[in-house]
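Structure record follows, encoded as structure tokens.
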Amino acid sequence: MPVPAPAPHLPAEDRPVARVVLDLPLSHLDRPFDYTVSRAQDPEAVPGARVRVRFAGKQRDGFLLERRDASDHDGALSPLAKVVSAEPVLTPEVARLVRGVADHYAGSFSDVVRLAIPPRHAATEKAAPVAGPAVPPPAAPPHPFGAYPAGPGFLSALAGGRSPRAAWQVTPSADPSGDWAAELAAAARAAVEGGRGAVLVVPDQRDVEQLKQACAAALGPTGFAVLVAEAGPAARYRAFLRALRGEVRVVIGNRAAAFAPVHDLGLVALWDDGDDLLAEPRAPYPHAREVLALRAAQQGAGALFAGYARTAEVQAWVEQGWLRELAQDRVALRHTAPQVKVSADTDRALERDPAARAARLPHEVFTLMRSALPQGPVLVQVPRSGYLVALVCQDCREPARCRHCGGPTRAGRGRTGDGPQATCTWCGRLQVGWECPICGSHRFRAPVVGSERTAEELGKAFPGTAVRQSSAGQVAATVPATPAIVVATPGAEPRAEGGYAGAVLLDTPLLLLRADLRATEEALRRWLNAVALVRGGGDGGSVIAVGESSGRALQALVRVDPAGLAARELVDRAEAHFPPAAKLVTVEGRPEALAEFVELAQLPPHAEVLGPVALPPERRPGEAPGPGESALSRLTLRSPRTEGAALVRAAKDVAAIRSARKSEGALRIRVDPVAVG
């Protein structure tokens, strides 16, 4: 469905036809429909307005795409039932982006436009905008791009009205050169100085708050809008209208801001594109990285994809020449980044501590913490929250399972008798008098220890030292610069004033052994996000990771070389025919629906069909199968990247045919899924 360019507004008698896209979930109706505009509706029926029409005997909401002088339909046209609002909320640029995202992800226009346009808040829309006095932008604050050889040139190009595109490899350090928020704000200011706007997208609310402070320093407190779904209907719609009406030229936010209607867009920027929060959990599951890349290509805007780590997708764009490398040289990086080492990586270390490779907390960890604590706080990253996360039999190592539902067990702080009391993680029942069904033992041990037990053990090892915890449900934002041990799970690490004196990365194999294609990439991303909170190497910052020193991810961590790991990952995925080197489309549904899909699909010549394979039934853990319940299955379509568009189009065509046939059984289609397990 092509999205037309804006046309000059003419009276209804000159352009009496309104082309409307409707809020319809059916794939075969993913196209605009023509309606007539009455003379009374003419002033309000502007392109982009919300309208209501009668379709198939029901009142349907939609958006007016354009006004035309004639229709392609030969029969009589129905009139617009109502112009809900004359506010042109769907701009031509955003409409083209919505159409492009829908086609890229085998979705429909109506599914994507729900993500792009927030629900109408009538009171906010009708309220007169508060026009304050014009406030000149503040003086430009210092920014870290000066530490990167290509950084000043990137800003100069933006300020000059050009559209540079870069993959910014941010040095992970508490040093000012690692302040990503200040530089994204500086890039947005450069775009504004060049007479254009900017959209800055980050994964979560903590990042939004950090970026908000940086933008306030660079653009002034009223020089930007914050567009996040968590703000509530009124605040979100107010920020949306500020951008739509041209009151601000910069919009920041989470993935909801990727479609922000910024005028004269000159820059799109994304921080930490490997974070799965940037992937939309609703159909058609677009990722903010792809949305912003499509938008930059469509509107001729500059692009900046920044992160401490690097995904294979961004590396592919770098190797294709679509993005340019923006990083520190290796000499400066070694001085700026903290010193990183892996425990038991030398023969001398093994001589001092022969059990270092088997111990969870080897001697080197305590040595680093003793030397770093007098200088400030020390961060300890633990992959799992909780106390004793998983239990096995002490004697035969058989996993401890619940006697009622068969679920896995764990233990909390509460103690009964000689040790922690086991509890089922599925049904919550206490495992009183637990007995191993294999050997009859009544004792268990914990192969996986959580953050709570780790904090308890470190508190005993360092008496008199404050121990703080930060994990899901009790996330701390910051910690003071005083000596303390901070135990945190990935993503919940608080920032320390002046940076941490040191950091310890525990249980690294747990992140690497995840059954996911992106496990190595994700593990390095989480480690580097922790390393970035530590003081630079010139200030004595040091990090130790406990794990196998020969591992590819840990070696990349020691070298602080995420780009090298991403390049290697890209080569491996090309050999295995996985994204982004190949196009992957997964289809989930009942077996009979998948059989119909395969029968109807007209795949490109080199496409492969893998599966189907049965998926576990979608029910609560421990719940018995219902009568006649059949599990879902998954079908995977794979093709070379050169045939990727044809493969996606084939999947979308089948969805439209099944929709027109009213076939039974829904299908869930994902294009290049974020997690490939």
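- Put simply, the side chain of V199 reaches to within 4.5 Å of the side chain of R295, judged on heavy atoms.
- E643 and K583 are not joined by a salt bridge, as no carboxylate oxygen comes within less than 4.0 angstrom of a charged side-chain nitrogen.
- The shortest side-chain heavy-atom distance between R559 and R330 falls under the 4.5 Å cut-off.
- S470 places a side-chain N or O within 3.5 Å of a backbone atom of A476 that can act as its donor or acceptor partner.
- From L304, atom CG reaches atom CG of L270 across 9.0 Å, with rounding to the nearest 0.5 Å.
- Between the CZ atom in R670 and the CD atom in E588 there is a gap of 6.5 Å [rounded to 0.5 Å].
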K341/E364 under salt bridge (Lys or Arg N to Asp or Glu O under 4.0 Å): CA gap, chis, key distance, verdict: CA-CA 10 Å; K341 67 172 294 185; E364 289 177 282; 2.8 Å; yes
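- Proximity of W317 to R289: side-chain heavy atoms (C-beta onward) are separated by under 4.5 Å at one or more points.
- In summary, the side chains of R96 and Q298 do not present any donor paired with an acceptor at a separation below 3.5 Å, with no hydrogens or angles considered.
- When all heavy atoms of A187 and L158 are compared, the pair lying nearest together is O-CD1, 3.6 Å.
- In this structure, the separation between CG on L603 and CD on E608 is 11.0 Å, given to the nearest 0.5 Å.
- T311 contributes no side-chain N or O that, together with a main-chain N or O of G274, makes up a donor-acceptor pair within less than 3.5 Å.
- Side chain of D539 to backbone of G541: no donor-acceptor contact under 3.5 angstrom is found.
- Looking at E493 and Q381, their side chains do bring a donor and an acceptor atom within 3.5 Å of each other.
- Side-chain contact check for N254 and E230: at least one donor-acceptor pair (N or O, by modelled atom type) lies under 3.5 Å.
- Side-chain contact between V486 and V378 is absent, with no heavy atoms from C-beta onward closer than 4.5 Å.
- Summarising the geometry, atom CG belonging to L265 is positioned 7.5 Å from atom CG belonging to L267; distances are rounded to the nearest 0.5 Å.
- Under the 4.0 Å criterion applied to side-chain N and carboxylate O atoms, D276 and R518 are not assigned as salt-bridge partners.
- Under the 4.5 Å side-chain criterion, counting only non-hydrogen atoms from C-beta, L292 is not in contact with L294.
- With values rounded to the nearest 0.5 angstrom, T336 atom OG1 is found 5.5 Å from D175 atom CG.
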V250 and V262: CA distance, side-chain angles, deciding distance, side chain to side chain contact (heavy atoms under 4.5 Å, CB included) verdict: CA-CA 7 Å; V250 177; V262 173; over 6 Å; no
Check against salt bridge (Lys or Arg N to Asp or Glu O under 4.0 Å), K652 and D103: CA-CA 8 Å; K652 186 172 181 178; D103 292 341; 2.9 Å; yes
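- In terms of modelled atom types and a separation under 3.5 Å, the side chain of S173 and the main chain of A532 share no donor-acceptor contact.
- Remark: R552 engages D572 in a salt bridge, criterion side-chain N to carboxylate O under 4.0 Å.
- With contacts defined as side-chain heavy-atom distances shorter than 4.5 Å, the pair S542/V534 does not qualify.
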Working for salt bridge (Lys or Arg N to Asp or Glu O under 4.0 Å), residues E325 and R310: CA-CA 11 Å; E325 186 84 34; R310 179 173 293 181; 2.7 Å; yes
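- Closest approach of P338 and V531 over heavy atoms only: CG-O, 3.7 Å.
- Environment of CD in Q339: sparse, with no more than 12 heavy atoms of neighbouring residues, nucleotides or ligands closer than 6.0 Å.
- Electrostatic pairing of R649 and D653 does not count as a salt bridge here, judged by no charged N lying under 4.0 Å from a carboxylate O.
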Side chain to side chain contact (heavy atoms under 4.5 Å, CB included) evaluation trace for L379 with V504: CA-CA 6 Å; L379 174 66; V504 179; over 6 Å; no
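- The two atoms that bring S343 and V546 nearest to each other are OG-CA, 3.5 Å, heavy atoms only.
- Without hydrogens or angle criteria, D204 side chain to D207 main chain gives a donor-acceptor distance under 3.5 Å.
- In this structure a side-chain-to-backbone donor-acceptor pair under 3.5 Å is present from R535 to G499.
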Evaluation steps, salt bridge (Lys or Arg N to Asp or Glu O under 4.0 Å), between R641 and D672: CA-CA 11 Å; R641 206 70 187 180; D672 288 342; 3.0 Å; yes
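- Using a 4.0 Å cut-off between a side-chain N of Lys or Arg and a carboxylate O of Asp or Glu, R525 and E522 qualify as a salt bridge.
- Across F597 and V654, no two heavy atoms sit closer than the pair CD1-CG1, 3.3 Å.
- For the pair R206 (side chain) and G491 (backbone), a donor-acceptor distance under 3.5 Å is present.
- Salt bridge D507/R360: present, at least one basic N to carboxylate O contact under 4.0 Å.
- Side chain of R573 to main chain of P579: a donor-acceptor pair is present (N/O by atom type, distance under 3.5 Å, no hydrogens or angles).
- Formation of a donor-acceptor pair under 3.5 Å by the S451 side chain with backbone atoms of T489 is not found in this model.
- Residues W527 and T508 form a side-chain contact, since some pair of their non-hydrogen atoms from C-beta on lies under 4.5 Å apart.
- Distance check, rounded to the nearest 0.5 Å: CZ of R282 to CG of D111 gives 10.0 Å.
- At a threshold of 4.0 Å, the pair E521-R526 does not count as salt-bridged, since none of the basic side-chain nitrogens sits closer than that to a carboxylate oxygen.
- Checked against the 6.0 Å centroid threshold, W180 and Y308 do not count as a close aromatic pair.
- At least one side-chain heavy atom of M369 sits less than 4.5 Å from a side-chain heavy atom of I485.
- Across H104 and V671, no two heavy atoms sit closer than the pair O-CG1, 3.7 Å.
- For F305 and W271, the ring centers are positioned 6.0 Å apart or more.
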Criterion side chain to side chain contact (heavy atoms under 4.5 Å, CB included) on T586 and L635, from CA distance to verdict: CA-CA 6 Å; T586 61; L635 185 73; over 6 Å; no
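- The backbone N or O of A332 sits less than 3.5 Å from a side-chain atom of D329, completing a donor-acceptor pair.
- Looking at every heavy atom in both residues, V318 comes nearest to A167 through CG2-CB, 3.7 Å.
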Steps toward ring-ring contact (aromatic ring centres under 6.0 Å, His included) verdict (W168, F154): CA-CA 10 Å; W168 179 26; F154 182 86; 8.9 Å; no
From CA spacing to verdict: side chain to side chain contact (heavy atoms under 4.5 Å, CB included), H606, T642: CA-CA 10 Å; H606 299 94; T642 53; over 6 Å; no
